[in-house]
Structures are given as structure tokens and as C-alpha cells.
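So the structure is just underneath, and the comments pick up after that.
Just so you know, residue 1 is the first one in the sequence shown, and it goes up from there. Hydrogens, waters and symmetry mates play no part in the numbers below; they use all other heavy atoms, side chains included.
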Amino acid sequence: MNPQVELSSYPGLDERIVIVRAGDEVDAVFVRTKRFNVMIDTLGTPELCRRALDLLEQRPEARPLVVVNSHMDWDHFWGNAAIAGRAPIIAHAAALDRLRDPATRQVLTDKASEESRFRDVEIIGPDITFSGSMVLNGGNLTLELIHTPGHTPDHIAVWIPELRICLAVDAVEYPIPEVWSRSADDLRLIRSSLERIRDLDARLVIPAHGRTSSPSTVAENLAYFETLADRVGRLSGSRLADPELGSASGFRLEDFVAIPQDMPSATLAFYRSCHETNLGATIEAHGEGRP
């Protein structure tokens with residue numbers, strides 16, 4: 001069953017920016033500029049995206065729409081079919097590699113077998129791609145699309161300098177973000193992306209998960225990885241090789257971050273899995289002499 005879609009905001013958030021919330025699944029963001037509207041991500045199904053556009057009163061004859069896919073994770077772009085042909089879809093060039101990967105369609109096959117809402121999803125890729133960074137000039141607002149890899153190779157964050165707001169999507173997350181793999185290189189990339197977002201000195205930092213706009217989340221994410229590296233660095237070789245290290249006292253998720261008491265069990269299980277991946281990448285980085 002599709003989650004409920006609602007429009008939301010945060011204290012101090014400019015009225016031209018709207019949080020498009022699909023239950024506890026994911027947040028997209030809608031930005032109104034003088035020249036066009038921008039939707040950052042299209043949610044997890046076309047139906048969810050259509051509901052969002054109806055709530056936003058986005059009509060083809062109104063201000064033109066531009067869509068940005070932050071990255072090719074299912075909950076962020078499977079709604080693309082709802083706007084295909086109506087608006088250009090922009091993504092980082094690395095998104096094309098992910099779309100060519102058979103694993104992308106396997107995720108859809110698996111999820112469609114579990115939930116009927118995914119059975120009419122059509123995977124639609126971007127119309128426009130870029131490398132490095134890209135700027136959308138809306139006249140009164142500028143949206144700088146910044147490549148922030150580490151969570152995924154194709155990840156984009158959006159910086160709006162006039163408002164000092166960073167739409168961090170999954171590069172920042174509460175309670176923790178997840179590195180793409182257990183590779184030391186991916187760990188280095190996510191930490192570098194977090195540092196880049198921190199150095200923007202944003203007034204608000206808005207991730208797609210966690211329902212927060214506090215810039216302190218960036219520092220907390222970096223502190224988590226720093227603490228993880230410090231604790232791993234103190235271990236002997238035999239302890240580093242322990243496959244159960246992630247469940248040992250001092251190395252569990254709750255030993256690094258505070259877990260909200262009302263966090264659903266499925267969500268908690270997901271973040272435990274993220275922590276296991278982050279721990280594996282930190283162990284590999286330690287073995288290579290790179291924290």
C-alpha cells in the first residue's frame with residue numbers, strides 16, 4: 001500500500017521550498033523559482049509522484065517543471081514515469097552506470113513480488129546528465145547541483161546559496177548515513193562529501209530521511225565516522241577479523257548514536273545494516289592505513 005503523501009515544512013524554511021513527504025519512506029523537495037519549478041526526486045512510485053504534483057498544483061500549462069534525480073535508489077526515482085515527457089529529468093552521469101547494472105532491475109523485480117504497488121513501475125532514466133557540478137538559474141534562486149558521492153556513486157546534493165539551504169538528500173542522514181560499500185574508497189568519498197556540505201556553512205541542511213533541518217546533523221554524521229575510525233584503530237588483528245564485531249559491546253549502532261525510542265523496528269533494523277556496512281568499510285580503511 002502506498003504511503004500517504006503530504007506537504008510539509010520546517011521552522012525558518014523559505015515558503016518557496018516545500019517538503020514532499022511520503023510517509024516514513026522518503027522526503028522529496030519542491031522549489032519554486034521565478035523561471036521554473038524544480039522537483040528534487042519523484043518518490044517511490046508514479047502514483048506517489050502524481051499525488052504530490054496534484055497537492056503542489058503543478059500543471060503543465062503553469063510554470064515549467066524541471067526534475068532532478070538525486071541518485072538512483074528506488075525510493076528517489078521510481079516515480080519518474082509520472083513526469084516522463086512532461087519535464088526534463090537531470091541526474092549525474094554516474095546514474096547511467098547504475099541504470100545499466102542488472103541489479104537495478106532485480107530490485108524492482110524483488111519489490112514487485114513483495115508489494116503490488118510496485119508492479120506498474122517503469123524504470124525511467126534521466127534526459128540530461130552532467131559530470132562535476134551543474135547550475136540551474138531560476139532568476140531569483142540558484143540551484144547548484146553538487147556531486148556528493150559516497151552514499152552512492154551518483155549522488156547529488158543541492159545548494160541554494162541565496163537562502164543558504166542545502167538539500168542534502170542521503171549524503172546526510174539521521175541518525176547515520178550509509179556508505180555505498182565496504183570499500184575504503186567509498187568511505188573516503190562519503191566523508192569528503194560530508195565535509196564539503198559542512199563547509200557550505202548552511203543555515204538549514206535538509207536530508208531525505210530523518211525529518212530534520214539542523215546543520216548539526218552534518219557534524220554528528222562526521223563525528224560518527226570519526227568515532228568509528230578511532231575505535232577500529234585500537235583493535236588487534238584478531239578482533240578486526242571477528243565477523244560478530246558489529247554486535248559486540250562498544251561497536252553496536254547504539255554505542256555510537258542515540259536511537260529514538262519511537263523508531264519502528266524495521267527502520268532500526270535498516271540502520272543496523274547501514275552501521276554494519278560502515279563498520280566493514282572502516283575496517284578495510286584501517287587495513288590500508290587510511291582512516
Inset, instruction - Test M39 against every option in L53, V18, I89, N69 by the side chain to side chain contact (heavy atoms under 4.5 Å, CB included) rule and name the one that passes. - result: L53

Legend entry - Euclidean distance, T148 OG1 relative to I190 CD1, rounded to 0.5 Å: 9.0 Å

Legend entry - I156 and V169, any side-chain heavy atoms less than 4.5 Å apart: no

Legend entry - Inter-residue atom distance L7.CG - S9.OG, 0.5 Å rounding: 10.0 Å

Inset, instruction - Step by step, work out the side chain to side chain contact (heavy atoms under 4.5 Å, CB included) result for V5 and L55. - result: CA-CA 9 Å; V5 178; L55 289 172; 3.9 Å; yes

Inset, instruction - First locate atom OG1 of T152, then atom NE2 of H76, and finally report the distance between them rounded to the nearest 0.5 Å. - result: 8.5 Å

Legend entry - Residues, nucleotides or ligands: over 12 heavy atoms within 6.0 Å of Q4 CD: no

Inset, instruction - Could you state whether V26 and I40 fall into the same hydrophobic cluster, counting links through intermediate Ile, Leu, Val, Met, Phe, Trp or Tyr residues with side-chain heavy atoms under 4.5 angstrom apart? - result: no

Legend entry - Y174-N221 side chain donor-acceptor pair, cut-off 3.5 Å: no

Inset, instruction - Answer yes or no on whether R16 is positioned over the face of F30, meaning its NZ or CZ is under 6.0 Å from the six-membered ring centre and within 45° of the axis. - result: no

Legend entry - Separation of I165 CD1 from L13 CG (nearest 0.5 Å): 5.0 Å

Inset, instruction - Would you check if T129 and H92 make a side-chain contact, meaning some heavy-atom pair closer than 4.5 Å? - result: no

Legend entry - Test of ring centre spacing under 6.0 Å for H151 and H71: yes

Inset, instruction - List the atom of V179, the atom of A281, and the distance in Å for their closest heavy-atom pair. - result: CG1-CB, 4.0 Å

Inset, instruction - Take atom CD of E15 as the centre, draw a 6.0 Å sphere, and report whether it contains more than 12 heavy atoms from other residues, nucleotides or ligands. - result: no

Legend entry - Pair S181, D186: side-chain N/O donor-acceptor within cut-off below 3.5 Å: yes

Legend entry - Atom of I83, atom of C49 and distance for their closest heavy-atom approach: CG2-SG, 4.2 Å

Legend entry - Sidechain N-carboxylate O distance under 4.0 Å for D255, R231: no

Legend entry - Where W78 and G44 come nearest, the two heavy atoms and their spacing: CB-O, 3.0 Å

Inset, instruction - Considering only NZ, NE, NH1 and NH2 on the basic side and carboxylate oxygens on the acidic side, decide whether E195 and R191 come within less than 4.0 Å. - result: no

Legend entry - Modelled atom types, side-chain donor and acceptor of S133 and E144, under 3.5 Å: no

Inset, instruction - Write down the atom of T217, the atom of E173, and the distance for their closest heavy-atom approach. - result: CG2-O, 3.9 Å

Inset, instruction - Give the cluster check for V232 versus L222: same hydrophobic cluster or not, with ILVMFWY residues linked at side-chain heavy-atom distances below 4.5 Å. - result: yes

Legend entry - Step-by-step salt bridge (charged side-chain N to carboxylate O under 4.0 Å, His left out) determination, R50 to D54: CA-CA 6 Å; R50 282 190 285 269; D54 285 344; over 6 Å; no

Inset, instruction - Could you tell me the separation between the OG atom of S273 and the CG atom of N278, rounded to the nearest 0.5 Å? - result: 9.5 Å

Legend entry - Verify same cluster id: L108, L48 (apolar side-chain graph, 4.5 Å): no

Inset, instruction - Please determine if R98 and D101 form a salt bridge, counting it only when a charged side-chain N lies under 4.0 Å from a carboxylate O. - result: no

Inset, instruction - Decide yes or no for L235 and L245: does some side-chain heavy atom of the first lie under 4.5 Å from some side-chain heavy atom of the second? - result: yes

Inset, instruction - Examine H275 together with F256 and report whether their ring centres are nearer than 6.0 Å. - result: yes

Inset, instruction - Check step by step if salt bridge (charged side-chain N to carboxylate O under 4.0 Å, His left out) holds for R196 and D199. - result: CA-CA 5 Å; R196 185 173 186 182; D199 292 346; over 6 Å; no

Legend entry - S214 side chain to S216 side chain, donor-acceptor N/O pair below 3.5 angstrom: yes

Inset, instruction - For salt bridge (charged side-chain N to carboxylate O under 4.0 Å, His left out), just list the numbers for R164 and D201, CA-CA rounded to whole Å, side-chain angles, deciding distance to a tenth of an Å, and then say yes or no. - result: CA-CA 8 Å; R164 290 183 51 233; D201 192 27; 3.8 Å; yes

Inset, instruction - Return yes if a side-chain donor-acceptor contact under 3.5 Å exists between R32 and N37, otherwise no. - result: no

Legend entry - Between OG1 on residue T109 and CD on residue E114, distance to nearest 0.5 Å: 11.0 Å

Inset, instruction - Run the numbers on E276 and R272 for salt bridge (charged side-chain N to carboxylate O under 4.0 Å, His left out), then give the verdict. - result: CA-CA 6 Å; E276 286 283 348; R272 289 193 194 283; over 6 Å; no

